[in-house]
Protein chains: 2
Amino acid sequence: MERAGGGLMTNIKDVAERAGVSVATVSRVLNGRSPVAETRERVLAAVRELGYRPNNVARALRTARTGALGLIISDLTNPFFTELADAVEDAARSLGYSLVIGNAGERPDQQDDYIRTLLDRRIDGLLVSSAGTGSAMLSEAVASGTPLVLLDRTVPGIDAPCVRADGHGALTDLAAHLAALGRRRPAIIVAPGGTPTGDERLELFRTALAAHGIALPDERVGATLDLQHTGGRRVMSDLLDLPEPPDAVLATDNLMALGAMDELRARGLRVPDDVALVVYDDVPWFRHTDPPLTAIAQPTRDLGRAAVHTLLECVEGRRPDSVLLPARLVPRRSCGESRAAD
Amino acid sequence: MERAGGGLMTNIKDVAERAGVSVATVSRVLNGRSPVAETRERVLAAVRELGYRPNNVARALRTARTGALGLIISDLTNPFFTELADAVEDAARSLGYSLVIGNAGERPDQQDDYIRTLLDRRIDGLLVSSAGTGSAMLSEAVASGTPLVLLDRTVPGIDAPCVRADGHGALTDLAAHLAALGRRRPAIIVAPGGTPTGDERLELFRTALAAHGIALPDERVGATLDLQHTGGRRVMSDLLDLPEPPDAVLATDNLMALGAMDELRARGLRVPDDVALVVYDDVPWFRHTDPPLTAIAQPTRDLGRAAVHTLLECVEGRRPDSVLLPARLVPRRSCGESRAAD
DNA sequence: CCGTTCCATGTAATCGATTTCATCCTTGGC
DNA sequence: GCCAAGGATGAAATCGATTACATGGAACGG
């Protein structure tokens, strides 16, 4: 079974022959073990002349370490996850690992498919920003002994460390911010079907508002069908049709916020004059909208870095704790000028 | 060297024992070769009971096929490339391949690093959307016999098929569009240091304008230092400071367009009233800006799909041609209303 | 000067699959 | 009833590395 391109990859045996030593010696030189200066030189010369590069597949088989990490991401076209992936990739590479990306596209079956593939590839560890809640393969992944770390989203039955942002402080600040600006009828747009993340953001927001005597009644809690822009738009439309429409809206995902903005603009409503708008996830684009959007910024790059470090602790046999990094409020102009409320 | 987690991965030998057959038979059953119905059942039962999954590393070593493709992308946080990566990932997965992503971050050295890693991993094929022009590792990649396809960007000395979009038609349409709207002083913002892509877009735009008797003098050709938002903003500022500032600007990359928009807004200039703005790459966000931006849309998903198909042809030993897919103009409101010019 | 130690190196086992080749059994034709 | 053919199966080679173990020579202490 000849390799298609007529590949002329040299192997360790070629190097050994050329240098007049055994393959063991070559291996030792390349891995910085014993050999004496003179032999070492001959081997390195042979390596250079032949352009030899060790076959990682063979090495992985023998050592049971592939040097690759897997990342399952819920949606590659969502800028929040993109930035997360970018950070993870960066951290992984700087530690000598490469990254196999699986895009679950918010579909649990596809996610399972990918987890299976990655396990078959014997990646050294797996990072999962899970789509949906229940996932059969996730339990199988922990059962297989492959180090696993959850990213951004927890999964109820899964016993693995989770790295994510804590919205408590930011949502508390946000409630105060809105209260100070005189907003009395807040609303929230959350992800479909009671995901842990969405539920948590809702509860935190609600109790934070309550501290200022502001209610968040159920009719102003809009659940989208998808996590996309169209879902956000539809829900915003419903909210605006209420007898008492909201004067402030928090969208718990950036794509949904985009849809919400479109609906506001389509109705000729102004931000922040008619409705204040706040978005979860501070993706760069929101700094350039008109007006710039007040956002709850998750420490995306830190999350990515922390996730990789946590995962590598697992790989080395330790059992690290979950990581919670604080999100923070980034006030811009989409809720109104602060001084206008003083 | 025990696997850290105390992994209990079963191997083909376990299955063979349990089914009371040889490993060869197990392998044959799993690969759909000869065995008779009854043996087959016993093997499959054993596989099921043990939860056996073949070790892809071992399989790859033996068959010299890893079932993985590599994708080197210039900038993972650029939405155009994200969509491209998403499309590639989709196409690859649907054909049974998984995707290892390398993020070059527009740095040639990092790109080389990644190509090396991917070659060491013996990926079955490599897609490269190259950062910069000269790349030593790229030649080494072709030399190694690894199938290679260039994506979106050509690279002068490299003899490999290239899949990209052809801006000719779109830029011709754009020139007509601008001429019809009475714009007489166009400008262009291009990538730094005369990249093949930037040069080509500039030349096409210039000749298309010439057909309408409109000149694109060198002082209205702004080259950025980086491909990022800040570069775009700086160049836009320089253009506006010209004695004869442009009345229409084409930004040849979406991040640069974003910077350009910010500069316009900061100066209180209105789009399209004061300056028309056109962006290369129709990323979803530009549909939601105010006003929605006229864009040159590359067939991103088709490019991704075509790239994977072309690459797999190489993998199967053929020598496919380069692919050129037409980009098209998507007129929105950022150049002014069409009827206003009639 | 001999025996122990240690170091560089080679030989061969190993990782977990696929695949060639040999073997055995069944089947069928004459 | 015998021989050829063919199908199912097993034993063993193989992919390309790492590494445990064996070996041989140099250095060194007593």
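These values consider heavy atoms only, across backbone and side chains, with no hydrogens, waters or symmetry-generated copies. We name chains A, B, ... by the order of the sequence lines, and we start the count at 1 in each one.
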Any donor-acceptor N or O pair under 3.5 Å, side chains Thr66(A), Asp124(A): yes

Any side-chain donor near an acceptor of the partner, Tyr97(A) and Arg65(A), under 3.5 Å: yes

Within-4.5 Å side-chain heavy-atom neighbours: Val88(B) and Leu99(B): yes

Any side-chain heavy-atom pair of Arg121(A) and Thr117(A) under 4.5 Å: yes

Checking all strands, does [X] fall into the base, sugar-phosphate, or nothing category for heavy-atom contacts under 4.0 angstrom?
X        : value
Val21(A) : sugar-phosphate
Asn31(A) : sugar-phosphate
Thr25(A) : sugar-phosphate

Nearest-Å distance, [atom1] ([X]) to [atom2] ([N])?
X         : N       : atom1 : atom2 : answer
Arg121(B) : dA17(D) : CZ    : P     : 15 Å
Asp14(B)  : dC15(C) : CG    : C1'   : 13 Å
Asp120(B) : dG16(D) : CG    : C1'   : 13 Å
Lys13(A)  : dA13(D) : NZ    : P     : 14 Å
Leu61(B)  : dT18(D) : CG    : P     : 12 Å
Arg65(B)  : dT19(C) : CZ    : P     : 11 Å
Arg40(A)  : dC7(C)  : CZ    : P     : 16 Å
Arg122(A) : dA17(D) : CZ    : P     : 21 Å

Pair of N/O donor and acceptor under 3.5 Å linking dG16(D) base with Arg62(B) side chain: no

Among dT18(D), dG10(C), dT19(C), the one nearest Ile12(A) by side-chain distance: dT18(D)

Selection from dT18(C), dT18(D), dT11(C) that lies nearest to any side-chain heavy atom of Ser22(A): dT11(C)

Quick one: is [X] getting a side-chain N or O under 4.0 Å of the [N] phosphate, OP1 or OP2?
X        : N       : answer
Asn11(A) : dG16(D) : yes
Thr39(B) : dA8(D)  : no
Ser27(A) : dT18(D) : yes

Comparing Arg28(B) and Pro54(B) on DNA chain C - which has the more 5′ nearest nucleotide: Pro54(B)

Arg319(B) vs Asp159(B), salt bridge (Lys or Arg N to Asp or Glu O under 4.0 Å): CA-CA, chis, key distance, verdict: CA-CA 11 Å; Arg319(B) 189 61 175 70; Asp159(B) 178 34; 3.1 Å; yes

